[in-house]
Amino acid sequence: MSQRKRKRVSTVAKKHLPPVPCPSESHTAVRSPQILGDHASPHAQNLTSHYFSKAAKEQLRLGQEFFDQPCINLARAFLGKVLVRRRADGTELRGRVVETEAYLGGEDKASHSAGGKRTERNAAMFMKPGTIYVYQIYGVYLCMNVSSQGEGAAILLRSLEPLEDQAVMRQLRSIHRREASRPLKDKELCNGPSKLCQALDIPRDFDRRDLATDPEVWLERDPLQKAAMSREVVAAPRIGIDAHGEWAAKPLRFYLRGHPCVSVVDQEAERQMHLGAEPEDAACN
DNA sequence: TGTCTGATTAACT
DNA sequence: GTTAATCAGACAG
């Protein structure tokens with residue numbers, strides 16, 4: 001282990017989400033259309049007008065009834081929805097959910113709530129559907145989950161497609177990186193569970209908040225979700241839980257096939273998916 | 001582009 | 001004392 005690397009991680013830990021000055025244009029919440037090129041969701045540039053209408057915004061927000069569904073259904077339902085983070089200065093950061101994992105609680109040995117185990121840390125998993133569960137991992141990183149129907153069941157949000165405001169997201173992500181490191185591509189801003197927490201400024205004390213009613217963080221349906229969801233959904237084994245035997249192999253990770261913001265592409269799952277199925281969608285590649 | 005490595009520290013056993 | 005739902009950087013091909 002080099003001292004340089006140790007210093008880097010140490011720096012990350014110490015910084016722990018200090019306030020970030022926003023660029024001057026932040027309040028205007030300017031969207032950068034087609035940031036991800038042809039690989040991103042179709043017609044992304046057309047979303048702008050939808051988001052600027054206040055009345056439309058209210059209609060887009062998803063309420064309690066959305067979250068009140070079985071874990072796997074909810075994990076799939078999250079795909080294509082837009083996570084919104086409203087910061088103290090009024091900036092709204094938006095990202096479309098492109099990858100999730102379902103943690104079923106109880107029998108699911110890979111879940112923090114396996115065996116019905118309830119602790120101070122995972123209490124949010126047992127709270128009403130839509131409750132946010134934020135926890136720290138590896139001493140440095142945060143992960144964001146949302147509880148669903150089912151005792152101790154929750155959805156891990158793994159990756160987002162950055163929609164708005166990428167400049168602020170990049171700045172928030174840079175806090176956790178070395179100054180000399182290369183600039184992040186747009187698709188790298190939120191392509192991991194901890195990265196999306198950094199990019200959307202999700203702090204640990206968002207734990208136990210209600211995604212259905214909270215004024216600082218919520219979920220919206222995408223006015224053009226139909227277009228975004230033209231991609232197939234891949235079901236693959238979850239990431240980073242190899243030690244949990246049979247549960248490690250269950251296809252409880254869901255992502256939009258061919259989307260550039262997915263954190264880990266599972267070639268085998270995609271091959272399996274198409275054995276005997278229709279020809280693949282060329283638009284996804 | 002893909003693979004490998006090691007850091008941190010709260011939570012848990 | 002051990003583990004962990006991750007990440008970025010280094011290096012090989």
Side-chain angles (χ1 to χ4, degrees), chain A residues 1-17 39 71-72 74-75 78 97 99-106 108-125 132-148 152-160 169-170 172-185 187-200 202-205 207 236-245 247-255 260-268 285:
Chain A
M1 165 52 52
S2 68
Q3 288 191 334
R4 187 177 51 188
K5 195 170 197 176
R6 184 176 296 123
K7 188 175 177 184
R8 179 182 65 78
V9 177
S10 170
T11 306
V12 168
K14 282 176 186 166
K15 284 182 175 175
H16 194 63
L17 298 176
H39 295 292
C71 192
I72 292 175
L74 185 58
F78 256 100
V97 180
E99 183 183 359
T100 60
E101 285 182 359
Y103 286 86
L104 309 182
D108 183 354
K109 291 189 168 53
S111 173
H112 287 177
S113 54
K117 182 181 64 182
R118 194 182 305 220
T119 65
E120 180 64 19
R121 179 178 70 155
N122 73 6
M125 299 182 86
I132 297 171
Y133 168 42
V134 179
Y135 69 92
Q136 190 179 33
I137 187 171
Y138 296 104
V140 184
Y141 305 112
L142 297 177
C143 293
M144 175 180 172
N145 298 247
V146 181
S147 70
S148 70
I155 318 301
L156 170 69
L157 302 184
R158 281 197 62 90
S159 303
L160 306 178
M169 291 183 189
R170 186 166 280 102
L172 286 160
R173 290 273 277 116
S174 72
I175 295 169
H176 304 266
R177 312 179 79 231
R178 282 170 42 200
E179 282 180 25
S181 53
R182 66 172 178 82
L184 290 168
K185 297 172 185 170
K187 69 175 184 178
E188 295 172 321
L189 290 172
C190 308
N191 64 338
S194 189
K195 294 176 185 176
L196 73 86
C197 286
Q198 293 174 2
L200 265 68
I202 305 291
R204 196 166 181 191
D205 61 12
D207 186 48
R238 294 169 290 184
I239 302 291
I241 56 162
D242 298 343
H244 294 91
W247 282 92
K250 292 188 185 292
L252 294 173
R253 180 167 71 100
F254 305 98
Y255 65 84
C261 297
V262 169
S263 66
V264 180
V265 171
D266 191 321
Q267 304 282 7
E268 181 56 28
N285 301 312

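Order of the sequence lines fixes the chain letters, A, B, ..., with proteins taken first and strands second; residue numbering starts at 1 for each chain.
- Among the nucleotides dA10(B), dA5(C), dG9(C), the one closest to any side-chain atom of Asn145(A) is dA5(C).
- The backbone N or O of Lys195(A) sits nowhere less than 3.5 Å from a side-chain atom of Gln198(A) that would complete a donor-acceptor pair.
- Not one N or O on the side chain of Ser113(A) forms a donor-acceptor pair closer than 3.5 Å with the backbone of Gly116(A).
- Figure legend: Arg238(A) and Tyr103(A) shown as a cation-pi pair, the cationic atom lying under 6.0 angstrom from the six-membered ring centre and within 45 degrees of its axis.
- In this structure, of dA5(C), dC7(C), dA8(C), it is dC7(C) that holds the atom nearest to the side chain of Pro193(A).
- Spacing between atom NZ of Lys195(A) and atom P of dG9(C) amounts to 10 Å, rounded to whole angstrom units.
- Among the nucleotides dA5(C), dA8(C), dC12(B), the one closest to any side-chain atom of Tyr135(A) is dA5(C).
- Few gaps surround NZ on Lys250(A); more than 12 heavy atoms of other groups in view lie less than 6.0 Å from it.
- Straight-line distance from the CG atom of Asn191(A) to the C1' atom of dA8(C): 12 Å, rounded to whole Å.
- For the pair Arg173(A) and dA8(C), the criterion of a side-chain N or O lying under 4.0 Å from OP1 or OP2 is met.
- Taking a pair to require two hydrogen-bonding distances under 3.5 Å in either a Watson-Crick or a G-U wobble arrangement, dA5(C) remains unpaired.
- Residue Lys117(A) places its side chain closer to dC12(B) than to any other of dA8(C), dA5(C), dC12(B).
- Across all strands, Arg121(A) comes closer than 4.0 Å only to sugar-phosphate atoms, never to a base (heavy-atom distances).
- Here the side chain of Thr119(A) is nearest to one of dT6(C), dC12(B), dG9(C), namely dC12(B).
- Neither OP1 nor OP2 of dT6(C) sits under 4.0 Å from any side-chain N or O of Arg238(A).
- Between Arg118(A) atom CZ and dC12(B) atom P there is a gap of 13 Å when expressed in whole angstrom units.
- As a whole-Å value, the separation of Tyr133(A) OH from dA11(B) C1' is 9 Å.
- Counting non-hydrogen atoms under 4.0 angstrom, Met125(A) reaches a base of the nucleic acid.
- Remark: P of dT2(C) and CD1 of Ile137(A) are 19 Å apart, rounded to the nearest angstrom.
- In this structure, Arg173(A) contributes its side chain and Leu189(A) its backbone to a donor-acceptor pair below 3.5 Å.
- No contact: Arg253(A) has no heavy atom under 4.0 Å from any strand.
- Of the side-chain N and O atoms in Arg204(A), none sit less than 4.0 angstrom from OP1 or OP2 of dA10(B).
- Within the nucleic acid shown, Ile239(A) comes within 4.0 Å of sugar-phosphate atoms alone, with no base atom in reach, counting heavy atoms only.
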